[in-house]
Amino acid sequence: MAKIKHRALTSGGTSEKPAKRPRVAWMDESDDEAHSHKINGAEALKSLKFDAQSPRPTKKQKMAGAGPSGSKQAAMQEQRKQLPIALGRDAIIQEIKDNDVTVLVGETGSGKTTQIPQYILESGLARNGMIAVTQPRRVAATSLASRVALETQSQLGSLVGYSVRFSDVSSDKTKIKFVTDGMLVRELMGDPEMERYSVVIIDEAHERTLRTDVLLARLKGILKKRNAVPTEGKGKGKERAPKNPLKVVIMSATLDADKFSSFFGNAKILYVQGRQHPVAIYHTSTPQPDYVDAALRTVFQIHTDQPTGDILVFLPGQEDIESLDKSLQLYAKRLPQDAPGILTCPLYASLPASQQQQIFVPAPKGMRKVILATNIAETSVTIPGVRYVIDSGKCKEKRWVGRGVGGGFDTLLTRDITKSSAWQRTGRAGREAAGSCFRLYTEDAFSALPLSAEPEIRRCSLVASMLQLKCLGQDLEEMEFMESPDQEGIAQALMALYLLGALDDRKHLTDLGRRMAFFPLEPALSRAVLASVEFGCTSEVLAIVSVLSASSKLFVDTTDSRESAREAHTKFRHISGDHLTVLNVVRAYEEVLQAEGGADGRKASRAALKDWCVRNYVSHRCLTEALEIRAQLREYCERQAIDWRASCGDRVGEEQAVLRSLVRGLVQNTAFLQPDGRYKQVIGHSIVKIHPGSSLCDKKVPAIIYDELVYTTQIYARGVSAIPRNYIAEVPLLKHKGS
DNA sequence: CCTGAGGGC
């Protein structure tokens, strides 16, 4: 039998009698013989000690600890009591009528996102324009639109519609439009004052995505302009109203309503009660450094002691999920035959959709489902049937670590969650009935957690947002945001845009920059596309750029099948490195697509394509997404009068045009070979190695370009191609380098 | 000699 890597397993189970601390009921019954479903075998799982903290604090208690405005609380709470959403309807509408900006705090299950837009529509507030409702996620935008269309008994795309990338289901009849925040930012390009909208509702504002923060900052400026009372006629007794006023509603689910309110000049805050069942909360008595082991033991404690109901375990990443999955299955085998079994269900974004669907399939009778999930289950996916939540208290966070201009790289590290995240996870146990949440950390540890996450504007690259704002005539560094970006982030973005030729040396937007912003791509990739026009290889560069901007990885490379995957990938390999290797895969895939996509019907063709992908260890998901992106990019090319068919051909040497185009975009991602075999950045000071997964690993070439740097044991360059040194000197701003 | 939080245009 495979050995379990967790060591905190002792024989004798719960023989150790915990005494002093308050115990939860099921712990008090921890008499070994009394367990109905004992785990067989020499090794039994030692129980974990939890302190009860019940019931869940009310919003009032939480708010009291959250902000300085204790005195306002009573009034707000009083107001909240009168606002179960339907009853509060008239009051909410009145407030929106009376104020430019309203902050609405709605608990989960309050129905605020589906109801408020309808109330506004019925009130006539949106007589002159549309109501926009922004969402951070595509699925939310599309599913909410369907729901509201249903409730208004209208066809989706008429009165109620949505607009997300690749899919615009709206018409000139549309009055309520659900959009992703990124889509509304993009719409600003053609409608800088949002004049098509009478009301803009920013939902899930507390998530503080970079795009939401950009929208909030812009809305402040737009309000000033659109809602200003015209000054002519002043003093003549004739009151004038703004021509096309805008109403803004900020919807937030957590504790930072005060922040939004003060950002918008102490806007009114309204509270809407939710329909959430009570959740009992337990913290561990002692810290649990090995949270995977602690989760393992807690699952079986719940399984043996608690009534039916599925368990949702929050873990930081795939590795922990797979490890816990294995352990659970091993122990589940040892449950007595007549005892209920356990069905494990991993859930993370890169899991194939078919496996993700498993969470919606009810467990067979007599089985308990245990879902092992990342943050995806915190906001993006709601899982039915969950009564128990186990919270590891950990998550992964991507953070850009700057080391001077041009020398930055991304890290992806496990860290503690925030209080607001902990509450969100807890709430997942009370969606359908009363539930329990087991936190694998002490109450003291919980108290020490930060209230909410650092907003993206403080930890993500600002390059794309800065370029978009420049196109609106706005300077990111001078705008008023909820939280201002740090100087380092601004300097990095300015330098990046300058090196791409999007800004001139006076920080003014260039024609090139305007054309770059037009493409729905990272600025570096937009630059490569525009350069490809010059070098006559747009067809090739579009194919590569589409794969690079797809959300999943092209090459499947799991630990168990590494050898065969490597072998399958060799036939795609291009001598210059990874970029042209990607192109070879796309070309090969297209050949299969043409051969199979006959009159036989799409299903057979799709199956053949999938089969081809499996055999070649490439991701079907990545390729379908890439082709969709490429189709969109081709449309954008046509609108810019760019011939996307232009090709450099596939003769040997012709591919140099492709590499020259890529260098224009990846200027900052260039490095020269050093005598020791490592590479030194052309811009910036980092010494990097080629990632072992790259086709150029261990090769010594004079100069390289790469897609990204990842820091693990050292700084690795991923997605690498070899280039002649003089290609770097071709970049106008780098003339002195590389020659 | 490695490695994958979650999103968006």
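Throughout, protein chains are lettered first and strands after them, A, B, ... in sequence-line order, and every chain is numbered starting at 1. Since we're looking at a predicted model, the values are computed, not measured.
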With a non-hydrogen cut-off below 4.0 angstrom, is [X] in contact with a base, only sugar-phosphate, or nothing?
{"X": "T713(A)", "value": "sugar-phosphate"}
{"X": "L210(A)", "value": "nothing"}
{"X": "L412(A)", "value": "base"}
{"X": "T209(A)", "value": "nothing"}
{"X": "E456(A)", "value": "base"}
{"X": "V164(A)", "value": "sugar-phosphate"}
{"X": "K553(A)", "value": "base"}

Rounded to the Å, how far apart are [X] [atom1] and [N] [atom2]?
{"X": "M466(A)", "N": "dC9(B)", "atom1": "CE", "atom2": "P", "value": "23 Å"}
{"X": "E397(A)", "N": "dA5(B)", "atom1": "CD", "atom2": "P", "value": "13 Å"}
{"X": "R566(A)", "N": "dC2(B)", "atom1": "CZ", "atom2": "P", "value": "13 Å"}
{"X": "R459(A)", "N": "dA5(B)", "atom1": "CZ", "atom2": "C1'", "value": "10 Å"}
{"X": "R211(A)", "N": "dC9(B)", "atom1": "CZ", "atom2": "P", "value": "8 Å"}
{"X": "E204(A)", "N": "dG7(B)", "atom1": "CD", "atom2": "C1'", "value": "12 Å"}
{"X": "R630(A)", "N": "dC9(B)", "atom1": "CZ", "atom2": "P", "value": "20 Å"}
{"X": "Q318(A)", "N": "dG4(B)", "atom1": "CD", "atom2": "C1'", "value": "7 Å"}

5'-most by nearest nucleotide on DNA chain B - Q714(A) or R186(A):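 On the 5' side of the pair lies Q714(A).
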Comparing T180(A) and R399(A) on DNA chain B - which has the more 5′ nearest nucleotide: R399(A)
Looking at the side chain of [X], which of [options] is the nearest nucleotide?
{"X": "P692(A)", "options": "dG7(B), dC9(B), dC1(B)", "result": "dC1(B)"}
{"X": "H691(A)", "options": "dC9(B), dG7(B), dC2(B)", "result": "dC2(B)"}
{"X": "R165(A)", "options": "dC9(B), dC2(B), dG6(B)", "result": "dC9(B)"}
{"X": "Y716(A)", "options": "dG6(B), dC2(B), dA5(B)", "result": "dC2(B)"}
{"X": "R137(A)", "options": "dG4(B), dG8(B), dC9(B)", "result": "dG8(B)"}

Result of checking R208(A), R399(A), K398(A) against E454(A) for salt bridge (charged side-chain N to carboxylate O under 4.0 Å, His left out):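 So the option named by the test is R399(A).
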Below 4.0 Å: OP1/OP2 of dG6(B) and any side-chain N or O of S380(A): no
Presence of R138(A) side-chain N/O under 4.0 Å of dC9(B) phosphate oxygens OP1/OP2: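 Yes, because at least one side-chain N or O of R138(A) sits under 4.0 Å from OP1 or OP2 of dC9(B).
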Side chains of T426(A) and V389(A) in contact at under 4.5 Å (non-hydrogen atoms): no
Pi-cation contact, F518(A) with R639(A) (under 6.0 Å, within 45°):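 Negative - R639(A) is either too far from the ring of F518(A) or too far off its axis.
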Any side-chain donor near an acceptor of the partner, E522(A) and S549(A), under 3.5 Å: no
Option among L462(A), V463(A), D486(A) that satisfies the side chain to side chain contact (heavy atoms under 4.5 Å, CB included) test with Q492(A): V463(A)
Polar pair under 3.5 Å, donor/acceptor by atom type, side chain E207(A), base dG6(B): no
Presence of salt bridge, E187(A) and K177(A), under 4.0 angstrom: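 Salt bridge present between K177(A) and E187(A).
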